[in-house]
Structure formats: C-alpha cells, structure tokens
Peer 1: 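So that we are looking at the same thing, I have put the structure below in structure tokens.
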There are 2 protein chains.
Amino acid sequence: MPTKQSAKPPPKPATERYHHGDLRNALIEEAGRVLESDGVEAVTFRGLARRLGVSHAAPSHHFADRHELLAELAADGYAALADALEDAMSGTPPAEWRRNGGRAYLEFGLTSPQRYRMMFASQLFLDECPERLLGESSRAYLMLLKLSYGRDPDIDPESYRVGTRELASWSAVHGAMMLWLDGQLRESVDQAEFMRLSSEMLDELFA
Amino acid sequence: MPTKQSAKPPPKPATERYHHGDLRNALIEEAGRVLESDGVEAVTFRGLARRLGVSHAAPSHHFADRHELLAELAADGYAALADALEDAMSGTPPAEWRRNGGRAYLEFGLTSPQRYRMMFASQLFLDECPERLLGESSRAYLMLLKLSYGRDPDIDPESYRVGTRELASWSAVHGAMMLWLDGQLRESVDQAEFMRLSSEMLDELFA
DNA sequence: GCACCATCTTGTCGCTGTCAAGATCAAGTT
DNA sequence: AACTTGATCTTGACAGCGACAAGATGGTGC
C-alpha cells in the first residue's frame with residue numbers, strides 16, 4: 001500500500017509544523033539537558049520554548065506550571081536511580097548487594113549531579129506532589145532497603161517506621177553525596193578520592 | 001553635655017527619612033525573617049524594599065546582586081552554627097562533646113530549616129564566594145572536627161585531607177538533617193522521633 | 001461536509017533583577 | 001559661611017520570567 005504514506009503526517013521539520021506533535025516529551029527531554037548543563041534555575045518554560053522553536057506559551061498546555069515539569073524530571077530521576085540499583089544487584093549474591101548497590105548509588109549522583117540535587121529539593125514540588133513521583137521515589141527507597149538488609153523487605157507501608165539502621169545507611173550515603181555535590185569537600189579531595197573514601201565509609205558502616 | 005543631643009540625627013521614623021541610615025543591616029535582618037517564613041525564593045530585592053519602605057533599587061546599592069545578599073545570610077548561618085556548637089561543648093568534658101555537639105547541630109537545623117538548607121546550597125553563591133562565608137564555614141567545620149575527635153584538631157589547612165572517620169560523622173548528621181528537612185522522612189516519623197533516632201544513630205556511629 | 005477539541009500562537013499582566021541618571025544629605029574643605 | 005565631595009536613595013527604563021485569556025490551526029469523529 002504505497003499510498004498509505006500520508007496516514008502519518010510526513011515528517012516535516014518540527015519547527016515548520018503548527019502542531020509540534022510530541023511537545024510534552026520534547027519538553028521533558030530538553031529540560032533534562034538544560035537541567036544537567038545549567039542547573040535547575042535555568043529550566044524555564046520560555047527558554048525551552050525557544051530551544052524547541054515553539055511559542056512562549058506552548059509549554060503551559062502540557063504542564064500546569066513549572067513545578068509540574070520539574071516534578072516529572074524528578075520522577076524520571078527516581079526511576080533511573082531505582083533501575084540503576086536494581087541492575088547493580090541483579091545476578092549478584094546478597095552479600096555483595098551493599099557494596100555494588102552503594103557504588104551504583106554514588107555513581108548515579110556523580111553522573112547526574114543536578115538531577116540528584118533536584119530530586120531531593122522537595123520544596124520545588126511540595127503543593128500537590130504528583131502520584132508518579134511518590135511511586136518512583138518509594139520504589140527507589142525499597143531498593144535501598146533491600147540493599148541494606150540483604151533481602152527483600154516485606155513491609156506494610158501503613159505501619160512502617162524508619163529504624164536507626166536504615167537511617168544510618170541512607171543518611172551516610174545521601175549526606176556524603178550532598179556534601180560532595182554542594183562542593184563542601186572539593187577543597188580537600190577530588191572525585192576519585194571521594195569515591196574511594198565513600199566506599200570505605202560504607203564498608204565500615206556496614207561491617 | 002546636654003547639648004550634644006543633635007550630634008546623632010533625631011530618630012525620625014525611618015520611613016520618612018530620605019536616607020534610611022542602616023539599610024544594609026535592615027535588609028539582612030528582614031531577609032532572614034522572609035527566608036525562614038517563606039523560603040529562599042521569597043527573598044527578593046523588591047520585596048524587601050517594599051517591606052522596609054525604600055525604593056525598589058535601594059538594595060542594589062548595598063549588595064552587588066541577590067546572590068551576594070544570600071551569601072551574607074549563609075555566612076551568618078555558619079557563624080551561628082559554629083557558636084551553637086561551641087556553646088554546647090564549652091564547660092563539658094570532651095567525652096560528652098559528641099553527644100552534646102551532635103544534639104546542638106540537629107537542633108540548629110530544626111530551628112532554622114530554611115537557613116540550613118540555604119547554607120549548603122552553594123550553587124546560589126558560586127561565582128565569587130565571599131571571604132566571610134569561607135571563614136565562618138571553615139570555623140564551623142573545625143568545631144565539627146573538634147567535636148568528633150574529642151580534642152582540638154591541629155590542622156594544616158594546606159595539606160589537610162578528609163578522612164573516612166570525619167566523612168562518616170559529617171555525612172551521617174548532614175544526611176539525616178537534609179533527609180528530614182526535605183521531607184523524605186515525614187511520612188514515617190515525626191520530629192521528636194527523628195531527633196531520638198538521629199541521636200541514637202550518632203551514638204552507634206561513634207561507639 | 002461539519003463540528004468538536006486538543007494543540008499552538010499572540011497579546012498582555014505583574015513580577016523579578018539590573019542598570020543609568022538624577023535627587024538628597026551629611027561631613028569635610030577652603 | 002559657602003562649596004565640594006561622596007555615599008545613599010529615588011525614579012525610570014529594559015529584558016526575562018510565569019501565567020492567563022482569546023483566537024488560530026488542524027486532525028478526528030460524526
């Protein structure tokens with residue numbers, strides 16, 4: 001059926017079409033690039049619109065406000081973090097989960113520093129935190145628990161309370177990550193040394 | 001000398017005078033209040049100018065830009081933190097420094113959450129970090145070292161390198177603080193329980 | 001062939017930081 | 001006493017931002 005070629009609109013350059021066609025996803029992808037290269041403050045509706053060749057108000061039709069876009073980016077971040085932890089642990093014996101998972105966690109933060117910082121800046125999307133963000137973040141947290149316990153935690157989400165052990169492991173790795181990303185350690189240590197120090201810290205913590 | 005009363009200008013209400021007289025300090029104080037009540041994004045030159053009854057451009061004459069004002073607030077925060085640690089440790093035997101100092105650290109963060117978050121958001125004042133900020137923050141760090149060592153650390157600032165022990169204690173307390181302030185723990189624990197958990201964590205960490 | 005509706009554009013508003021030019025005023029100089 | 005200087009503050013303007021409203025566009029279903 002050679003005549004079917006007009007069923008899907010011929011791929012004109014997106015800049016010429018009145019309707020972009022996939023603006024929502026394009027916004028998310030472009031926002032991810034801007035976030036990592038210039039920081040969260042540089043992620044603006046108007047800036048993204050310019051980059052994508054659409055009008056300044058186009059983004060508003062896909063996100064209620066700027067925070068809703070940022071929340072989407074954060075949710076993607078949590079999903080990526082959970083996946084990274086899962087990958088690092090799958091196929092290895094539980095005894096190595098903490099080591100491998102901890103390393104994967106650190107690597108995620110070092111690879112996507114701006115994303116990591118934004119994921120935890122919950123003030124950015126406090127009012128009406130979207131469902132997907134909650135879901136992906138708790139998935140990541142469950143991977144963290146699995147990692148620190150060395151087994152699947154069977155947890156009742158209603159009655160669950162954080163214990164000192166979970167708090168210690170999570171605080172240590174998150175704290176180290178934040179101190180590094182916020183530049184508090186850069187005077188006295190470089191990235192490779194930070195990675196070594198942090199791994200050592202986690203080993204001692206879990207010994 | 002009773003006639004000396006006109007040496008200092010009679011204290012007209014500041015709103016009526018052309019020159020405020022102490023605008024720089026007034027800006028810093030008002031900014032501190034706005035910061036803690038409405039968050040760092042609410043700290044704006046124009047908003048502060050309105051609150052203080054001066055023109056919208058007046059703040060620019062005392063701070064090169066908004067980041068310079070925020071840096072001042074952060075420096076004050078580090079100074080207050082260092083003082084709080086010092087107070088908590090002074091007059092008590094070194095064996096109790098970690099417990100008392102750790103508690104003081106946590107209390108500082110819980111009392112001034114927005115201030116604490118901003119102090120570590122170094123991206124806000126990355127370009128040309130003012131001298132005082134560096135000074136006060138390293139004073140706070142030295143108190144932290146003294147606290148964790150149980151003695152005055154004699155350190156050569158040039159050759160100093162962070163060790164796993166310092167990284168562990170600092171990461172744990174900072175990480176717990178950030179997780180709490182960013183709301184990651186609020187679902188499963190309240191503030192009193194957080195305080196108890198964190199203290200317990202620090203005890204175990206230093207045991 | 002028509003109507004609907006999601007999508008996108010244009011225009012506007014008030015907010016922000018920042019700069020430039022002028023007004024005010026205290027303190028020091030001649 | 002008159003003048004000058006410099007710090008402080010005001011007024012006015014500009015560009016960038018988020019957000020809203022009203023209209024243009026064009027594909028989909030009736």
Side-chain angles (χ1 to χ4, degrees), chain A residues 4-28 30-31 34-35 38-73 123-128, chain B residues 4-28 30-31 34-35 38-73 124-125 127-128:
Chain A
K4 199 63 179 297
Q5 81 181 70
S6 61
K8 289 280 175 190
K12 277 189 217 162
T15 55
E16 294 179 12
R17 285 182 311 220
Y18 188 92
H19 288 75
H20 180 283
D22 193 23
L23 183 55
R24 191 189 151 87
N25 287 326
L27 283 168
I28 293 178
E30 195 66 26
V34 174
L35 169 66
D38 295 333
V40 64
E41 301 217 337
V43 178
T44 66
F45 275 4
R46 293 178 104 104
L48 294 173
R50 272 192 301 273
R51 282 167 164 261
L52 296 175
V54 295
S55 78
H56 62 106
S60 308
H61 293 276
H62 298 275
F63 302 95
D65 55 23
R66 179 173 173 268
H67 297 322
E68 198 173 293
L69 168 59
L70 296 181
E72 206 66 30
L73 291 181
Q123 296 195 319
L124 291 177
F125 23 77
L126 249 192
D127 4 66
E128 210 54 33
Chain B
K4 200 63 179 295
Q5 80 180 69
S6 61
K8 289 282 173 191
K12 274 191 219 164
T15 54
E16 293 178 14
R17 286 182 311 220
Y18 188 93
H19 289 75
H20 180 282
D22 193 23
L23 185 53
R24 186 176 207 274
N25 287 326
L27 284 168
I28 293 178
E30 195 64 26
V34 174
L35 169 65
D38 295 333
V40 64
E41 301 215 336
V43 179
T44 67
F45 274 6
R46 292 179 106 104
L48 293 173
R50 273 192 300 272
R51 281 167 164 262
L52 296 176
V54 295
S55 78
H56 62 107
S60 307
H61 293 275
H62 297 275
F63 302 95
D65 55 23
R66 181 174 173 266
H67 297 321
E68 198 173 293
L69 168 59
L70 295 182
E72 207 64 30
L73 291 181
L124 291 178
F125 24 77
D127 5 65
E128 208 55 34

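Worth saying up front: this structure is predicted, and the values here are computed from it rather than measured.
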Peer 1: Walk me through whether A:Arg24 and A:Glu72 qualify under side-chain contact (heavy atoms from CB on, under 4.5 Å).
Peer 2: CA-CA 11 Å; A:Arg24 191 189 151 87; A:Glu72 206 66 30; 3.5 Å; yes
Peer 1: Between B:Glu68 (CD) and C:dG17 (P), how many Å, whole number?
Peer 2: 14 Å
Peer 1: Establish, with yes or no, whether the OP1 or OP2 oxygen of D:dC17 is under 4.0 angstrom from a side-chain nitrogen or oxygen of A:Arg50.
Peer 2: yes
Peer 1: Supply the atom-to-atom distance A:Phe45 CZ to A:Asp65 CG, rounded to the nearest 0.5 angstrom.
Peer 2: 6.5 Å
Peer 1: If I take atom CG in residue A:Leu27 and atom C1' in nucleotide C:dT7, what distance separates them, rounded to the nearest angstrom?
Peer 2: 12 Å
Peer 1: Starting at atom CG of A:Asp22, determine the distance to atom P of C:dA6, rounded to an integer number of angstrom.
Peer 2: 17 Å
Peer 1: Atom CG in A:Asp22, atom CG in A:Leu52: separation rounded to 0.5 Å?
Peer 2: 10.5 Å
Peer 1: Would you mind reading off the distance between A:His56 atom NE2 and C:dT12 atom P, rounded to a whole angstrom?
Peer 2: 10 Å
Peer 1: CZ/A:Arg50 to OG/A:Ser55 distance, rounded to the nearest 0.5 angstrom?
Peer 2: 12.0 Å
Peer 1: Any side-chain heavy atom of B:Leu73 within less than 4.5 Å of one from B:Val40?
Peer 2: no
Peer 1: Let's go through A:Leu23 and A:His61 carefully: what are the C-alpha distance in whole Å and the side-chain angles of both, what is the deciding distance for side-chain contact (heavy atoms from CB on, under 4.5 Å) to 0.1 Å, and is it a yes or a no?
Peer 2: CA-CA 10 Å; A:Leu23 183 55; A:His61 293 276; over 6 Å; no
Peer 1: Any side-chain heavy atom of B:Thr44 sitting closer than 4.5 Å to one from B:His56?
Peer 2: no
Peer 1: Give the residues of residues 59-67 of chain B touching DNA chain D, defined as any heavy atom closer than 4.0 Å, sorted by residue number.
Peer 2: B:His61, B:His62
Peer 1: Starting at atom CG of B:Leu52, determine the distance to atom P of D:dC9, rounded to an integer number of angstrom.
Peer 2: 11 Å
Peer 1: Nearest 0.5 Å, what's the CG-NE2 distance between B:Leu27 and B:His62?
Peer 2: 6.5 Å
Peer 1: Could you identify which residues of residues 40-47 of chain A place a heavy atom less than 4.0 Å from some atom of DNA chain D, listed by residue number, or say none?
Peer 2: A:Thr44, A:Phe45, A:Arg46
